[in-house]
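Taking it in order: structure first as structure tokens, then the write-up.
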Amino acid sequence: MSQDQITSLLQEDRLFYPPRDFQEQAHIRSLEQYRALYARSLEDPEGFWAEMASALHWFRRWDRVLQWDPPQAQWFLGGQTNLCYNCVDRHLQSWRRNKAALIWEGEPGEERVLTYQDLYREVSRFANVLRSLGVGKGDRVAIYMPLVPEAVVAMLACARIGAVHSVVFGGFSSEALRDRVNDAGARLIVTADGGWRRGRIVPLKDYVDEALRRGAPTVEHVVVLRRTHQEVSWEPGRDHWWDELMAAASASCPAEPLDSEHPLFILYTSGTTGKPKGVVHTTGGYMVYTATTARYVFDLREEDTYWCTADIGWITGHSYVVYGILANGATSLIYEGAPDWPDPGRFWSIVEKYRVSIFYTAPTAIRAFIRWGEAYPRRYDLSSLRLLGTVGEPINPEAWMWYYRVIGGGRCPIVDTWWQTETGGIMISPLPGATPLVPGSCTLPFFGIEADVVDREGRSLPPNTGGFLVIRRPWPGMMRTIYGDEARYRRQYWEEIPGLYFSGDGARRDERGYFWVMGRVDDVINTSGHRLGTMEIESALVSHAAVAEAAVVGRPDPVVGTAIVAFVVLRPGADPSPKLKEALREHVAQQIGPIARPQEIIFTDGLPKTRSGKIMRRLLRQLASGEERLGDMTTLESAEVIERLRAQMGSEEEE
Ligand code: WTA
């Protein structure tokens, strides 16, 4: 981490106000209303959060809203609740009983709808299944499944009996699965014979078998859902079919009252070192925070059909496919497969078919759609959409504008939501009926969140000065620890900038007070003494008509300190000539300034990404500087992309 300031030269002054009809019906209808509530949430946080918590069911009301022994927070102390009860049982007492809780579409095209009543029955039965296999309160359960309703059922069933789930994304390798299972000490794995992805079967059960062969001594049972129906190997006594266990299970399983600080789940996320961190979230605070943010940020209304395209293997899937959405009694749509299967119109066909009203996805997906062309979305009726959202990385203004215009028809606000696995829920985001939008900015902090941009000592920086994005006080959804490594939790999040929660992101605030996240601090390049966010250079590149996608990294350089190297994916039809390289360098110089001109531009037909779609900059940095070892590639979807790039760069060097 460096203490220098981050120079930010990206200028963006387009402003988009909430459409009047949206505003009139929104939960929060003006910037003034937001500001008043925000001020109250900081002046009287305990009163504010107690009020939010009161909207949910508690078996026993808390004695204290917050106990803060930095960096350990306990929320709703003495309270007892159950998140599964709040996501399911609570809705059975009203007409919502027969409302769709989950709408599912499989990649091959199957459809299923589970009402809240259906969900209650399935979850209760699976909770009994877990108990029958010896799983109790506090035991860890690994979930390694395709995106099917049973994956959500498994999560909720754990929450119902107080078991701690650890969902491992179905795209991870057996090696990654084994590491996570062992770190958590899981007693049971819930999986499927396979899942569908781009028309092919992902053989999940084979991967589980492989992980167990390599050694996972704590695992006693494996529950296998029949999904793809191919042959799988079987170990009697250890392996069980989901449907056989469910057929024998009772549908009565009262939700267990749990202490507010009872652990709810562990979710692994990559850090700066190779070993993944098991981020721990607990029951009461996470529940209140995800339910409250979901309601206000997505402006949830009873009749909405909400679709978040994230997999449940990520925090976005936990908080805004499952918990925050179902806690509000909303309808959550899930889709198993790839966005471009059988063609790049698939997402839009789903929006049209189910009349989706709220759509939440990642910038990387939006950029892929831009590349595939406007013709696909144009083929479908997207008029049911009323709100769009993004998460996961900074969205470049050009991609924002495309999303706004082509998907939203110029009619839908976009909530650019900044948050992290560690924060549990959305931290900085527009409220769609209140906040004027500026493309590329995640705008203002959510209620109760005291966000700031500071220098290394924790001093607030003036507007338009880049620095470190921190949170100055605890919030209900914050992580509680790293599983089995409290010291790392303290060191990494609370000691880098003493006494403040450090996100690892660089940011600046503009004159309006809007936040501009510039990416991880290690994605910042210092060239000739100027600090530049890689994202800003990428934005400039993508604003050129020939460019579909770009990733910018630094390469050590004896003259300028760090040279800017850009990996560029061109749009179809563009000619990857030396002339175009020169034009792109000039374009960046014009957009940002000569100091941002890339020293080198490398054309590539794809960028290496993690399974969650984040560009693997560390790999690109190593490639750019000619380092041989490429480190851990277990999460790399596009290993071939790297191989091709490496071969290409080797041959270019020889030229
Ligand atoms: C980045 C995903 C800019 C950021 C919920 C953060 C963003 C990391 C945004 C967390 C956004 C997420 N604008 N950057 N709207 N949202 N990020 O843990 O660098 O998978 O630290 O959580 O994604 O990624 P994670």
Side-chain angles (χ1 to χ4, degrees), residues 1 6 8 10 12 167 169 171 267-272 276-279 281 289-290 293-294 297 308-321 323-324 360-367 388-397 399-400 403 414-430 435 437-446 449 451 453 466 468-471 477-479 482 492-493 496 501-508 514-524 533-536 538-539 609-618 635:
M1 191 166 89
I6 302 159
S8 176
L10 192 71
E12 179 59 61
V167 183
F169 175 52
L267 183 58
Y268 288 85
T269 184
S270 38
T272 40
K277 302 181 276 196
V279 170
H281 284 285
Y289 197 69
T290 53
T293 46
V297 174
C308 166
T309 65
D311 188 87
I312 45 142
W314 311 114
I315 190 67
T316 308
H318 283 59
S319 302
Y320 302 111
V321 170
Y323 291 119
Y360 188 35
T361 196
T364 182
I366 297 165
R367 289 195 303 267
L388 304 174
T390 73
V391 59
E393 52 179 320
I395 179 162
N396 32 321
W400 194 103
Y403 195 32
I414 297 177
V415 287
D416 174 353
T417 61
W418 178 83
W419 59 295
Q420 310 178 289
T421 304
E422 293 89 338
T423 69
I426 294 166
M427 301 290 279
I428 307 181
S429 168
T435 317
L437 308 172
V438 182
S441 169
C442 54
T443 74
L444 299 168
F446 190 73
I449 302 304
V453 176
F468 306 115
L469 179 53
V470 297
I471 312 297
M478 66 190 265
M479 73 186 289
I482 292 174
Q492 187 147 359
Y493 297 104
E496 290 260 358
Y501 171 83
F502 176 48
S503 64
D505 281 348
R508 70 180 164 91
Y514 280 18
F515 284 82
W516 294 78
V517 176
M518 297 158 75
R520 307 296 302 188
V521 173
D522 44 10
D523 291 340
V524 166
T534 49
M535 177 260 162
E536 301 188 298
E538 290 162 11
S539 257
K609 287 181 187 162
T610 64
R611 305 251 177 181
S612 65
K614 284 196 202 324
I615 294 168
M616 302 187 81
R617 289 169 202 285
R618 189 172 50 86
T635 65

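Both counts, for ligands and for their atoms, begin at 1 and track the order of listing.
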Notebook entry, point to check: Does Pro430 have any side chain to side chain contact (heavy atoms under 4.5 Å, CB included) partners at least two apart in sequence or in another chain, and if so, which?
Noted result: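 So Pro430 forms a side chain to side chain contact (heavy atoms under 4.5 Å, CB included) with Val415, Thr435, Leu437, Thr443.
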Item checked: side chain to side chain contact (heavy atoms under 4.5 Å, CB included) partners for Ala365, two or more places apart ->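 Counting only residues at least two positions away or on another chain, Ala365 forms a side chain to side chain contact (heavy atoms under 4.5 Å, CB included) with Thr361, Phe369.
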Notebook entry, point to check: Between Thr417 and Tyr360, do the side chains contain an N or O donor and an N or O acceptor separated by less than 3.5 Å?
Noted result: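 Per modelled atom types, Thr417 and Tyr360 side chains form a pair under 3.5 Å.
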Taking a 3.5 Å cut-off between nitrogen or oxygen atoms, can you list every pair linking ligand 1 to the protein, with distances?
unit_1: ligand 1; atom_1: 13 (N); unit_2: Glu393; atom_2: O; d: 3.4
unit_1: ligand 1; atom_1: 14 (N); unit_2: Pro394; atom_2: N; d: 3.4
unit_1: ligand 1; atom_1: 15 (N); unit_2: Asp416; atom_2: OD1; d: 2.7
unit_1: ligand 1; atom_1: 15 (N); unit_2: Thr417; atom_2: O; d: 2.8
unit_1: ligand 1; atom_1: 16 (N); unit_2: Gly392; atom_2: N; d: 3.0
unit_1: ligand 1; atom_1: 16 (N); unit_2: Thr417; atom_2: O; d: 3.4
unit_1: ligand 1; atom_1: 17 (N); unit_2: Gly392; atom_2: O; d: 3.3
unit_1: ligand 1; atom_1: 18 (O); unit_2: Thr421; atom_2: N; d: 2.9
unit_1: ligand 1; atom_1: 18 (O); unit_2: Thr421; atom_2: OG1; d: 2.6
unit_1: ligand 1; atom_1: 19 (O); unit_2: Asp505; atom_2: OD1; d: 2.8
unit_1: ligand 1; atom_1: 19 (O); unit_2: Asp505; atom_2: OD2; d: 3.1
unit_1: ligand 1; atom_1: 21 (O); unit_2: Gln420; atom_2: NE2; d: 2.9
unit_1: ligand 1; atom_1: 21 (O); unit_2: Asp505; atom_2: OD1; d: 3.2
unit_1: ligand 1; atom_1: 21 (O); unit_2: Asp505; atom_2: OD2; d: 2.9
unit_1: ligand 1; atom_1: 21 (O); unit_2: Arg520; atom_2: NH1; d: 2.9
unit_1: ligand 1; atom_1: 22 (O); unit_2: Thr421; atom_2: N; d: 3.4
unit_1: ligand 1; atom_1: 23 (O); unit_2: Gly392; atom_2: O; d: 3.0

Next item on the list: For this output row, return yes or no: ring centroids of Phe515 and Trp418 closer than 6.0 angstrom.
Entry: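 No; Trp418 has its ring centre 6.0 Å or more from that of Phe515.
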Checklist line | Non-neighbouring partners of Tyr403 that pass side-chain hydrogen bond (donor to acceptor under 3.5 Å, both in side chains), sequence neighbours left out | finding: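 Tyr403 satisfies side-chain hydrogen bond (donor to acceptor under 3.5 Å, both in side chains) with no other residue.
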Next item on the list: Take Tyr501 and Glu422 through the test side chain to side chain contact (heavy atoms under 4.5 Å, CB included) and record every step on the way to the result.
Entry: CA-CA 10 Å; Tyr501 171 83; Glu422 293 89 338; 3.2 Å; yes
